[in-house]
Chemist: 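Below is a structure I'd like to ask you about.
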Amino acid sequence: MIELDDFSVGFGAGTALRGATLTIRKGDRLGIVGESGSGKTMLALCLMGMAPDSAQLSGRLSIDGRDMAGASEAQWQVLRARRIAMIFQEPMAALNPLRRVGDTVMEPMRVHEGLSRGAAHKRALALFEEVGIPEPVDRMRQFPHELSGGQRQRVLIALALACDPVMLIADEPTTALDANVALRITELLVRLARERGMALVFITHDLAAVARTTQDIVVMYGGDMVERGATADVLAAPMHPYTRGLLAARPDPTVPARNADGTRRRLPSLPGSVPPLNALPQGCRFAGRCPVELAHCATRRPATRLVADNRQAACHLLEEQAR
Amino acid sequence: MTRRLPTNFVIGGVLVALVVGTAALSLVWTPHNSTQMAISNKFAAPSSTYWLGTDQLGRDVVSQLMAGARNSMSVALIAVLMGGSIGVALGLMASAIGGWVEDGVMRLADLGFAFPALLFAIMLAAVFGPSLGNAVLAIAFINIPVFARVTRGAANQIWTLDYVSAARAAGMNRFAISRDHILPNIGAVIIVQATIEFAVAILAEAALSYLGLGAQPPAASWGRLLSEAQTLMYLAPQLAIYPGLCIVVAVLGFGLLGDGLRDMSEPRLRRER
Amino acid sequence: MSAPLIEVRSVSRHYRLPRVSLLRAPAVLTAVESTSFTIRAGETLGIVGESGSGKSTLARMVMAFEKPDSGQVLFQGQDLHALSATELRKLRQKFQMVFQDPFGSLDPRRKIGWSIAEPLRAIGVDANTARRTAEALEQVGLHPRDAEKYPHEFSGGQRQRIAIARAIVTRPALLVADEAVSALDVSVQAQILNLLMDLQDQLGLGILFISHDLAVVAAICDHILVMQHGKPLESGPAAQVLHRPAHLYTQTLLKAAGVSP
C-alpha cells in the first residue's frame, strides 16, 4: 500500500531522514520507535504529504502503487480525505474548541462524501460507539473542554475513521494520557485495526506502548532506520547497540532499586544526548554515543543487513561478525 | 535564513524616524523663529525663504510645524513614561500579590477606562486653568489603566512558569521575583504597548490643544495650529491641511511601528501571508 | 533509625470550584485527602499517580507553596505551615525542588550561573557564590565554565542537570522531584536517575520522587505511595508494592509500565 525506497529529507545542511526504506501492507500494525530527533515524526508527515516547504525530499514514495514525488496538494488532499488518517499527541489542540465534537466528526463525511446531516449523524453515532465513548448521543453535543483527555482522544480517533481510511497514523497518541487511559487507547487501536483490516502506523518513544500495540517495529535514531523486525523479537533480543541501550535504560519495575548489599543499583545509560540535526556524525549516526567503536563507525554509513528472517539491522559490528 | 521584517514595521519605522528626526532637529535649528511675527508678510506663498509660506500673522509654517513636532513628541514621551511606569508598577503589584489587591487594582483600572481623558482634562482645566502641563497629566492618567491591565495579564502568565516556582522554592520574595523574572520577560509586551500608546497620546495632545486645553499661545502645537487655521479655512486651507497631515503621519507611524513590533515579538499571532 | 526528615501527617486539601449557579453552593474538589508519609535522610519515597491524583498538590504542600486545610507537614520536627514568612524563607534552603519541564524551569533571559545562585542570594549568602555555583555544576556533571551560558544552549537533559544544580546549591536535606524525568528521552532519563542516586549517596539527601511512571519510580525508590483521586491507595516498601500489589489500580500501572507484552 505504501512503499518508501531510499527516501531522504534534508534541511539545508542537516538530514532529518536518511535513506528510509519501508513497506506497509493492508492490516499491518507497525511501530516506529525513536527518541526526539530520530526523524519519526518527519516520516509520518511525509506519509501524509505534509512535510514542511523548506524540506528537500529525495527518493521514492509511492502510495497505492502511484509515485507521489510530483503529487499536487489537491491529490494529497484526496488521499488524506479517503485513504490515510492521522491522530496526534495533544487531543485538545487538534479539536476546534468552539465546535461540538459531533459536528467536528460529521464534517468530513458531509464534505468528502456529500452525506446528508441525518446520515452523517447516524454514522458519527456508530463511530462514537465503535471507539467506546459511553452515552454517545449526549457526548456528540458537547464541546472538547467538557470531555476528559481519553475521551477527546477517542473523538479524534472517531474523526480519523470518519471516511473509512485504509491506514491510520498515530503520532504519540498516548503520551499526553494517563497510564490506564493510555492502556485502553492502545487496546482500542489494536481492535480497530483488526476489525477493519486497517493498517496502523504507531509512532512513539514509549517501548511499553509499542510492545502492546504492534506486530513489527522499526527503531530509528538520528534519521536512520537502525533496526527492524517482529516487535517481540526485537524487544527480546535487540541487535543494534542503540536498541540495546534504549531497552536497558528503560527501568524494569520487577528489578529492585537496591542491590543485596543495600547500595543503589545504577541504570545502564547511554552517554550524551541526541546531537542536533546538523551535528550528526556522517557515518553511523550513533557513533560517539555507542559502546562499540570501530575505526570506520563515524565515517562510513553501515549497510542494512538482513540478519535473520524478517530481522534487519544497520551496524558495522554485525558486518564484522558476519565476515 | 533571513527573516523579512514586517511591512508595517518598516513603514512605521520610516514615518517615526521622520517625525522624531524633525522634532530633534527643531531643538537646534528651524528655518525661522517659529513665534516671530511679521504682519507685513502674512499669507506669503511658498518660496525659497518660506518653504511652505507663512500664516495669518506672517510666521513661518515650516518652523511652526517643526516646533509642533517637538511639542507632540515631548508631551507623548512624558505622558507615556509617567502613565506607563505607574501602570506597570500597579500591574506587577496586582499580579504578584493577587487576591483582593489584584481585584481592587483591576476594578480601579476599569473605572479609569470608563473615564475619558477629555473629561479629566476639562476638570483639571476648570480647577487649575488650562495648560500644557495639565494636558500631560490627563494623558498620563488615561495611560495608567491601559498599562496596568496589559502588565498584569502578561505577568500572570509568567507567574505560572516553573522558573518562577523555582525562584519561590529558593525563597525569593515576590518583589525580587517581579524585578528579576517577571519584568524582564514581559518587557517586549510593554514596549509594544508603549509604542501604540505613543500614537494615542499624540492624538490626545492634538485634540486637547485644539480645544484650547493644551498648549497655550504662542507655543506651537499641531492641534493649536489646526484650531487657528479653522477660521481661515476658505482663505488659506493649506494652513489646516499641513498640521492635519503631520498628525496623521505621526499617529500612523507609531501605530504601524507598534503593530510591527507586536508581529515580530509574537509570531504566533501573525496573520498567514 | 534516624529521625524523620519530613513527616506529613494526615494532610487534606480542598479547592472550591467556581460557582455554577448563584443558588447552589460552589462544588468542592478534594485534591488530597488524609495522606501521611515519612522520609528519612538517604531515603527515597516515590509517589505514583496520574494527573488529578493529588500528587502535585502534595508536593506543593511539602514545599510550603500551599497550606493544607488540615493536617501537618513537619520538616525536621518543625511545622512548616506554622512558621512565619521570615523563618520559612530561612528554612527553605533545606528543601529544594526540581520541576518537570526542563525548558520552563530556567529563566531564558538569565545566564545559568545566575539561576543556580538564586537560592543562595535568597538566603543572603553573598560570599563564595561563584565557587559554590561552580561546585554544584561539577556535582551534576557539567563544567564550571557553563555558568556563563544561557539555557537555550543546552539540551533537555543538560537543563535538567542545571535545575538539579540549582536545587542542591544550598546543600539541602530534602529534594522534591516532581515528574523530573518525565519530559526527557528514555536514554537521558536513565542518566538523570543515576545522577539523583549519586547525589543521594554523596549528600545523604532524602528524596520525594513524584511520577506517573511506575517503572521510573521502581528504579529509584525505597518506599512507594500509590495515589488515585486524591486518596492514598496503598503504600509500603517498594518490593512489596511492586511484587504484591494490593490494588487492581496498581496492577494496571504495572502493566502500563512493563515492556514485556
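Lettering follows sequence order; numbering is per chain, from 1. Since the structure is predicted, the reported quantities are computational estimates derived from the model, not experimental observations. Heavy-atom basis, side chains included; hydrogens, waters and symmetry copies ignored.
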Chemist: Would you indicate whether Glu293(A), at its atom CD, is surrounded by more than 12 heavy atoms from other residues, nucleotides or ligands within a distance under 6.0 Å?
Modeler: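 Not more than 12 within 6.0 Å, no.
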Chemist: Roughly how far apart are Leu267(A) CG and Asn194(C) CG, rounded to 0.5 Å?
Modeler: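 One finds 5.0 Å between CG of Leu267(A) and CG of Asn194(C).
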Chemist: Let's test your reading of the structure: which of Ala219(C), Cys221(C), Gly49(C) forms the most heavy-atom pairs below 4.5 Å with chain A?
Modeler: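 The option with the most such pairs is Ala219(C).
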Chemist: Which answer fits Arg258(A), side chain, backbone, both or neither, if we ask what part of it has an atom under 4.5 Å from a heavy atom of chain C?
Modeler: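 Side chain only.
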Chemist: Mark yes or no for whether Glu35(A), through its side chain, and Ser187(C), through its backbone, hold a donor-acceptor pair below 3.5 Å.
Modeler: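 Yes, Glu35(A) side chain to Ser187(C) backbone: donor-acceptor pair under 3.5 Å.
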Chemist: Which atoms of Asp198(C) are under 4.5 Å from chain A, going by heavy atoms: the side chain, the backbone, both sets, or neither?
Modeler: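 Both parts, backbone and side chain.
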Chemist: For Arg191(A), is the CZ atom crowded, meaning more than 12 foreign heavy atoms sit under 6.0 Å from it?
Modeler: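 Counting neighbours around CZ of Arg191(A), more than 12 heavy atoms of other residues, nucleotides or ligands fall under 6.0 Å, so yes.
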Chemist: Which answer fits Arg289(A), side chain, backbone, both or neither, if we ask what part of it has an atom under 4.5 Å from a heavy atom of chain C?
Modeler: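 Contact with chain C: side chain only.
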Chemist: In this structure, are over 12 heavy atoms from other groups packed under 6.0 Å from His247(C) atom NE2?
Modeler: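 Atom NE2 in His247(C) is crowded, with more than 12 foreign heavy atoms closer than 6.0 Å.
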Chemist: Could you tell me which portion of Leu270(A) (side chain, backbone, both or neither) has an atom closer than 4.5 angstrom to a non-hydrogen atom of chain C?
Modeler: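 Both parts, backbone and side chain.
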Chemist: Does any backbone or side-chain atom of Gln200(C) lie under 4.5 Å from a heavy atom of chain A? Answer side chain, backbone, both or neither.
Modeler: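 Contact with chain A: side chain only.
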Chemist: If you count heavy-atom pairs within less than 4.5 Å of chain A, which of Ile220(C), Leu253(C), Leu214(C), Leu193(C) leads?
Modeler: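 Most heavy-atom pairs within the cutoff with chain A belong to Ile220(C).
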Chemist: So which heavy atom on Pro268(A) is nearest to which on Ala190(C), and how close?
Modeler: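 Residues Pro268(A) and Ala190(C), closest heavy atoms: O-CB, 4.1 Å.
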Chemist: Should the heavy atoms of other residues, nucleotides or ligands under 6.0 Å from CG of Asp138(A) be counted, would the total exceed 12?
Modeler: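 Yes, the 6.0 Å shell around CG holds more than 12 heavy atoms from other groups.
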Chemist: Hey, could you give me the CZ/CG distance between Arg250(A) and Asp213(C), rounded to the nearest 0.5 Å?
Modeler: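 So the CZ of Arg250(A) and the CG of Asp213(C) are separated by 4.0 Å.
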Chemist: What part of Gln191(C) lies closer than 4.5 angstrom to a heavy atom of chain A: side chain, backbone, both or neither?
Modeler: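 Both parts, backbone and side chain.
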Chemist: Let me confirm one number: the CG-CZ distance from Asp201(C) to Arg266(A), rounded to the nearest 0.5 Å.
Modeler: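 Going from CG on Asp201(C) over to CZ on Arg266(A), the span is 5.0 Å.
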Chemist: Starting at OG1 of Thr44(C), measure out to CZ of Arg264(A) and round the result to the nearest 0.5 Å.
Modeler: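 Rounded to the nearest 0.5 Å, the OG1-CZ separation comes to 4.0 Å.
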Chemist: With chain A as the partner, which of Leu184(C), Val188(C), Asp222(C) has the greatest number of non-hydrogen pairs under 4.5 Å?
Modeler: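 That would be Asp222(C).
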